[in-house]
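Below is one structure, written out as structure tokens; comments come after it.
Please read these numbers as outputs of a predicted model, since none were measured by experiment. In what follows, every chain begins at residue 1, and chains take the letters A, B, ... in the order their sequences are listed.
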Number of protein chains: 2
Amino acid sequence: MGNSKKYSIEVRLWIEEAEGPFLGIGKIWLLENIRKTGSITNAAKEMKMAYRQAWQLVEEMNLRAESPLVEKLLGGKGGGGARLTEAGENAITVFYEIEKRIKDFAQKEVQNLKF
Amino acid sequence: MGNSKKYSIEVRLWIEEAEGPFLGIGKIWLLENIRKTGSITNAAKEMKMAYRQAWQLVEEMNLRAESPLVEKLLGGKGGGGARLTEAGENAITVFYEIEKRIKDFAQKEVQNLKF
DNA sequence: TTTCAGTATGTTTTTAAAAGAATACTGATG
DNA sequence: CATCAGTATTCTTTTAAAAACATACTGAAA
């Protein structure tokens with residue numbers, strides 16, 4: 001009714017820890033790509049992100065989680081690789097669960113925005 | 001129980017419009033400071049933001065809202081100033097209402113995070 | 001004992017965004 | 001009709017983040 005422009009609500013969420021932002025959708029995507037590719041190198045390529053950056057994100061996650069989210073394998077056949085720990089798998093699941101609940105709520109709660 | 005680290009959920013939200021992000025907490029703060037100080041110049045100072053930047057944000061808001069959120073007064077005694085329109089006042093109210101509902105929900109919904 | 005692909009880490013370069021500087025415009029008021 | 005403080009606008013400089021580059025290190029396997 002007379003509402004000519006469409007506005008919608010967007011929500012971004014992340015897990016916070018004492019030292020600041022700990023885990024958001026960016027790191028979750030990285031975790032998923034590590035799971036998919038079996039290495040930080042290939043996960044980074046997949047995401048068109050520099051290996052250095054990806055490696056640093058993994059390092060930070062591992063240090064700040066109660067237990068590491070990514071297990072790194074050094075040397076050996078194929079040079080090594082990386083894979084998710086139980087905690088890493090869990091982080092993905094929990095994050096998406098929370099995200100879905102909150103985003104669903106936001107959409108349901110808000111309509112007919114007018115400015 | 002054995003949970004040594006504290007994690008919490010943080011939520012950021014904004015109003016989206018056809019051309020992208022339209023109104024988030026940053027612009028809301030700017031609106032509030034314009035209301036408080038009566039000018040873009042002083043609002044910017046208050047927020048330690050460059051006038052240029054503040055002016056651009058106001059311009060963008062006004063163009064993309066159905067009706068302007070800020071009324072600008074040119075020249076005259078004191079050089080002019082800026083004040084919120086009805087729509088501007090409304091935007092602040094509505095934004096905080098939505099934000100509160102969603103953040104409350106997020107807090108209530110999520111506890112005992114463990115990573 | 002060499003190879004190999006991935007991890008680990010420091011250094012440099014690019015780039016985009018923010019900040020800053022400079023200047024013109026506006027119009028009520030004295 | 002000069003003043004004045006804020007708006008309007010362009011141009012330049014700074015800065016911080018990201019990307020790119022370079023180079024060791026690791027260890028299973030052939």
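- Judged by atom type and distance alone, B:Arg52 reaches the base of D:dT10 through a side-chain donor-acceptor pair under 3.5 Å.
- Within the nucleic acid shown, B:Ser39 comes within 4.0 Å of sugar-phosphate atoms alone, with no base atom in reach, counting heavy atoms only.
- Residues A:Ala54 and A:Ile40 come closest through the heavy atom pair CB-CG2, 3.8 Å.
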With 3.5 Å as the limit, what N/O pairs link the protein to nucleotides 3-5 of chain D?
from  : atom 1 : to      : atom 2 : distance (Å)
D:dA5 : O4'    : B:Gly78 : O      : 3.4
D:dA5 : O3'    : B:Gly78 : O      : 3.4
D:dA5 : N3     : B:Gly79 : N      : 3.4

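- Protein chain A contacts DNA chain C over a range whose 5' and 3' limits, counting nucleotides with an atom under 4.0 angstrom from a non-hydrogen atom, are C:dA5 to C:dT11.
- The distance between atom CD of B:Glu60 and atom C1' of D:dA8, rounded to the nearest whole Å, is 17 Å.
- Rounded to a whole Å, the CD atom of B:Gln56 is 11 Å from the C1' atom of D:dA8.
- Between the side chain of A:Gln107 and the backbone N or O of A:Ile9, at least one donor-acceptor pair lies under 3.5 Å.
- Rounded to an integer number of Å, the gap from CG of A:Leu73 to C1' of D:dG27 is 12 Å.
- A:Arg64 and A:Pro21 get closest at one heavy-atom pair: NH1-O, 3.0 Å.
- Under the 4.5 Å side-chain heavy-atom criterion for ILVMFWY residues, a single connected hydrophobic cluster contains both A:Phe105 and A:Ile15.
- Of the possible donor and acceptor atoms, none in the side chain of A:Asn90 sits under 3.5 Å from a partner among the backbone N and O of A:Glu86.
- At whole-Å resolution of the value, CD in B:Gln53 and C1' in D:dT10 are 16 Å apart.
- Note on B:Trp55: every side-chain N or O is 4.0 Å or more away from OP1 and OP2 of D:dT7.
- Summarising the local packing, CZ of A:Arg35 is surrounded by more than 12 heavy atoms from other residues, nucleotides or ligands at distances under 6.0 Å.
- For the pair B:Tyr51 OH and D:dT9 C1', the interatomic distance rounds to 9 Å; values are reported in whole Å.
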According to the Watson-Crick and G-U wobble definition with distances under 3.5 Å, which dot-bracket string, read 5' to 3', encodes DNA chain C, using [ ] for crossing pairs and | for pairs with another strand? ||||||||||||||||||||||||||||||
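- Ranked by how close their nearest DNA chain D nucleotide is to the 5' end, A:Leu74 and A:Lys48 are led by A:Lys48.
- Counting all heavy atoms, side chain and backbone alike, A:Trp14 lies closest to B:Arg12 at CZ3-CB, 3.6 Å.
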